[in-house]
Amino acid sequence: MQLQMYMAKDTEGKACLASRIVEYCGYAYEPTHLLFDGHDYASDPSVLDEFRDIAFYWNRSRPKGRVPHHVRKLMDDPLCEHLIWLSRRALNEEDLLFVVILAHELRHLYQTVRGFPRNIVRNAAHDLRCDLRFIRLPSGPMSPDELDADLFALRTAAGLFGEERFRSFHDRRRLPRCPYDEYVPFLEALGSAIEIMITRGGKTTG
């Protein structure tokens, strides 16, 4: 993994943490390039909306238009096959949430290369959405790809920092992609439901 920085200051700690996260996740999750971008794109209409988000994953099947020059230069590198872009906002976050953000994007890389049980995630999530405990959750963040990535990110953060510290974090803050009290319990229930469905012989791909 090649780490690049653009206008990113005082990020040595995050660089070490990023390496630790990728090592924890394993070889199948390793991007060819990781970009720490310290520039603020909030008022720049010339770039894609993704640059106003907290992070994104890019691979060579995706377009390269409307990206900043330094990002386009990296994307044009034939060795850059899988790129994770992290915003200034991500770099400024506390370590546990930084783990959640990066692990989420690493899971999208894994989904692209190795696949994941999309149908099972979709069916399990559909069933859980009927549960009165989770009826308030919005439908926007509920695609199988995003749910799978959030579940992986939650488990990675808990694995690296411990369940107790993760619970303490969630008592103070919410996951930025879906900031509802019910979302973490929903993801935990989803993980259990997926395991049960796989054990029962559900279709695991597609």
Side-chain angles (χ1 to χ4, degrees), residues 8 10-11 13-14 16-18 20-22 24-25 29 34-38 40-43 48-57 84-111 116-118 120-195:
D10 303 320
T11 56
K14 287 297 194 295
C16 291
L17 180 56
R20 183 182 167 202
I21 296 164
V22 173
Y24 178 86
C25 293
Y29 290 86
L34 175 62
L35 176 59
F36 285 7
D37 196 334
D40 182 6
Y41 299 95
S43 57
L48 294 168
D49 288 342
E50 281 88 339
F51 288 92
R52 285 175 282 279
D53 206 342
I54 199 163
F56 67 79
Y57 160 67
I84 305 290
W85 177 87
L86 295 179
S87 67
R88 181 170 69 176
R89 185 155 56 104
L91 298 174
N92 289 338
E93 275 295 355
E94 61 183 287
D95 285 355
L96 195 148
L97 187 52
F98 180 82
V99 171
V100 170
I101 293 165
L102 179 52
H104 178 101
E105 301 306 328
L106 294 176
R107 183 62 175 182
H108 284 318
L109 186 163
Y110 181 93
Q111 291 168 347
F116 76 106
R118 180 178 281 107
I120 285 181
V121 175
R122 180 186 294 111
N123 293 338
H126 178 270
D127 291 346
L128 281 174
R129 290 294 305 281
C130 299
D131 189 318
L132 291 177
R133 294 175 296 167
F134 308 124
I135 202 74
R136 198 170 68 100
L137 290 173
S139 59
M142 295 295 175
S143 73
D145 303 63
E146 296 300 330
L147 288 172
D148 176 73
D150 274 348
L151 175 59
F152 177 78
L154 180 154
R155 288 174 166 174
T156 301
L160 282 170
F161 288 97
E163 290 282 351
E164 185 175 345
R165 184 168 173 186
F166 182 82
R167 297 293 174 195
S168 176
F169 165 83
H170 188 249
D171 286 344
R172 311 185 273 109
R173 300 190 62 179
R174 300 294 175 259
L175 298 183
R177 220 179 56 77
C178 187
Y180 286 74
D181 292 345
E182 303 95 318
Y183 190 51
V184 166
F186 174 83
L187 290 174
E188 291 172 336
L190 178 65
S192 297
I194 290 168
E195 290 171 5

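Numbering starts at 1 and runs along the sequence shown. Values reported hereafter were calculated over all heavy atoms of this structure, with side chains retained and with hydrogens, waters and symmetry mates removed.
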Can a cation-pi geometry be assigned to Lys14 and Phe36, taking NZ or CZ under 6.0 Å from the six-membered ring centre and within 45° of the ring axis? no
Can you find a pair of side-chain heavy atoms, one from Ser87 and one from Ile101, that are under 4.5 Å apart? no
Could you tell me whether the side chain of Arg155 reaches within less than 4.5 Å of the side chain of Arg107, counting heavy atoms only? no
Under a 4.0 Å threshold between the charged nitrogen and the carboxylate oxygen, would Arg89 count as salt-bridged to Asp40? no
Heavy-atom closest pair, residues [X] and [Y]:
X      : Y      : result
Val100 : Ala157 : CG2-CB, 3.8 Å
Leu175 : Phe169 : CD2-CE2, 4.3 Å
Ala18  : Leu34  : CB-CD2, 3.7 Å
Ala189 : Leu128 : C-CD1, 3.7 Å
Asp53  : Trp85  : O-CZ3, 3.7 Å
Ala42  : Arg52  : O-CD, 3.6 Å

Is the count of non-hydrogen atoms from other residues, nucleotides or ligands lying under 6.0 Å from Glu164 atom CD greater than 12? no
Taking atom CG of Asp10 as the centre, report whether more than 12 heavy atoms of other residues, nucleotides or ligands fall under 6.0 Å from it. no
Which value, rounded to the nearest 0.5 Å, describes the distance between [X] atom [atom1] and [Y] atom [atom2]?
X      : Y      : atom1 : atom2 : value
Asp95  : Ile21  : CG    : CD1   : 8.5 Å
His104 : Leu154 : NE2   : CG    : 12.5 Å
Leu147 : Arg118 : CG    : CZ    : 11.5 Å
Leu137 : Met142 : CG    : CE    : 4.0 Å
Thr156 : Leu151 : OG1   : CG    : 9.0 Å
Asp127 : Leu190 : CG    : CG    : 10.0 Å

Expected output: side-chain Glu105 to main-chain Tyr57 donor-acceptor under 3.5 Å: yes
Please walk me through it: do Asn92 and Phe98 pass side chain to side chain contact (heavy atoms under 4.5 Å, CB included)? CA-CA 8 Å; Asn92 289 338; Phe98 180 82; over 6 Å; no
Give every donor-acceptor pair under 3.5 Å between a side-chain atom in residues 180-188 and any protein atom, sequence neighbours left out.
unit_1 : atom_1 : unit_2 : atom_2 : d
Asp181 : OD1    : Arg174 : NE     : 2.5
Asp181 : OD1    : Arg174 : NH2    : 2.7
Glu182 : OE1    : Arg136 : NH2    : 3.0
Glu182 : OE2    : Arg136 : NE     : 2.8
Glu182 : OE2    : Arg136 : NH2    : 3.4
Tyr183 : OH     : Asp150 : OD2    : 2.6
Tyr183 : OH     : Arg177 : NH2    : 3.0
Glu188 : OE2    : Arg167 : NH1    : 2.8
Glu188 : OE2    : Arg167 : NH2    : 2.4

Tell me yes or no: between the side chains of Gln111 and His108, is some donor less than 3.5 Å from an acceptor? yes
Run the ring-centre check on Phe166 versus Phe161 and record whether the distance is less than 6.0 Å. no
Taking the six-membered ring for Trp, are Phe56 and Phe51 closer than 6.0 Å centroid to centroid? yes
With Arg129, which residues qualify under salt bridge (Lys or Arg N to Asp or Glu O under 4.0 Å), at least two apart? none
